[in-house]
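For ligands, and for the atoms within them, numbers begin at 1 and follow the listed sequence.
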Amino acid sequence: MGNRFDITVVASDSIQSNKYISLAIDEISRIEKLISSWDANSQTSDINKNAGIKPVQVDKELFELIERAIGISKLTDGAFDISYAGMDKVWKFDGSMSGMPSNEVIKASVVKVGFKNILLNKEGSTVFLKLEGMKIGFGAIGKGYAADKAKSLLIKMGVSSGIINASGDMNIWGVQPDGKEWKVAITNPLNKNNAFALLPVNNGALVTSGNYEKYVVFNNKRYTHIIDPRTGYPCSGISSVSVFAPKAELADALATSVFVMGKEVGLNRINQLPQIECVIIDDQGKIYTSNNIEIDKL
Ligand code: ADP
Ligand code: MG
């Protein structure tokens, strides 16, 4: 997925553990083939190629992933939107931008974006993107989904404890061989090599979205690579969002969503969801947490 996956399993010997790890890798590769929008032969590319032309029949698995993604769009008032992929590339984060684009250009960049134009037909298992040029992409949810699938496969095989680490997004089950619970670190966004807190995780996922890799600065304001699909403007003010949830898929999608929604709306929304917690660090290094989280600050 253009992402590094590290897999840890607790097993009786290394032959067993290597077998489990290859099964998990096969599962992640299988999902990548289904959801990648880079692979011209994936079902996702087929949907995109037929935007504005015709509905495309897809596997139940992909259909249901899209259905859940639209559910998250509704939950976040469109802050999360897999059709973000149809946005014009107005923002470049490689140092090549010389100034802020005009309001008109920014506004026009999102005309092909909007989850309400993703039309699903359950009986036929078809997906239709209503507007020509529309596209969907799973950049903010696919890693989490693949991690969940690999984890549930390993649990089904009898693996009692393990960690799927998808480029820093941690999906955990069971306890360490000595019986202690796993603890996950949250990176300090103001100093990438330092952890700022540890969080015990028994069964669930901790996913972080950060602004410290790709951004541009105009008039002393830093804009990140996560863009509000409703306005075309990149987010500012937040350095990192970590979301804890029972499933990595939801944690992944919500971390991106909170970035877009901002501190107040984001925390408010998270506090209404059972079993979901969140830690936000703003660009001043100030920490905000949801109501029911306890972190051991380092
Ligand atoms: P990372 O991939 O660095 O862990 P995220 O999980 O936050 O970061 O995902 C960011 C990616 O999600 C972007 O690179 C893009 O592919 C996609 N994306 C950006 N904005 C949105 C959005 N508003 N809704 C859904 N996906 C988005
Ligand atoms: Mg995400």
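Contacts between Ile141 and ligand 1 below 4.0 angstrom, taking non-hydrogen atoms only, are absent altogether.
For the 3.5 Å distance criterion, the side chains of Tyr233 and Asn103 qualify, holding a donor opposite an acceptor. Of the N and O atoms on the side chains of Ser17 and Ser14, not one donor lies less than 3.5 Å from an acceptor on the other residue. Residues Asn203 and Lys151 have side chains that bring a donor and an acceptor to within less than 3.5 angstrom of each other.
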Using the rule given for salt bridge (charged side-chain N to carboxylate O under 4.0 Å, His left out), can you reason through Asp88 versus Lys112, listing the C-alpha separation, both sets of side-chain angles and the distance that settles it, and then say yes or no? CA-CA 9 Å; Asp88 294 337; Lys112 298 284 168 60; over 6 Å; no
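Under a 4.0 Å criterion applied to the non-hydrogen atoms of Lys143, ligand 1 contributes the atoms 1 (P), 2 (O), 4 (O). Here is the list of ligand 1 atoms found below 4.0 Å of a heavy atom in Ser209: 5 (P), 6 (O), 7 (O), 8 (O). Close approach of ligand 1 to Pro229 is summarised as follows: ligand atoms under 4.0 Å from at least one heavy atom of the residue are 23 (N). Listed by number with element, the atoms of ligand 1 under 4.0 angstrom from any heavy atom of Phe80 are 24 (N), 25 (C). The ligand atoms of ligand 1 that sit less than 4.0 angstrom from a heavy atom of Asp252 are 6 (O).
At least one side-chain heavy atom of Asp282 sits less than 4.5 Å from a side-chain heavy atom of Tyr288.
Considering backbone and side-chain atoms together, Thr208 places no N or O closer than 3.5 Å to any N or O of ligand 1. The shortest N or O to N or O distance between Asp169 and ligand 1 is not under 3.5 Å. Distances between N or O atoms of Asp81 and those of ligand 1 include at least one value under 3.5 Å.
Applying the side chain to side chain contact (heavy atoms under 4.5 Å, CB included) criterion to Asn220, with sequence neighbours excluded, gives no partner residue.
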Solution key, residues 124-142 side-chain donor-acceptor pairs under 3.5 Å, sequence neighbours excluded:
| from | atom 1 | to | atom 2 | distance (Å) |
| --- | --- | --- | --- | --- |
| Ser125 | OG | Val58 | O | 2.8 |

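Considering only non-hydrogen atoms, atom 23 (N) of ligand 1 lies nearest to Ala79 out of Gly168, Ser73, Ala79, Ser257.
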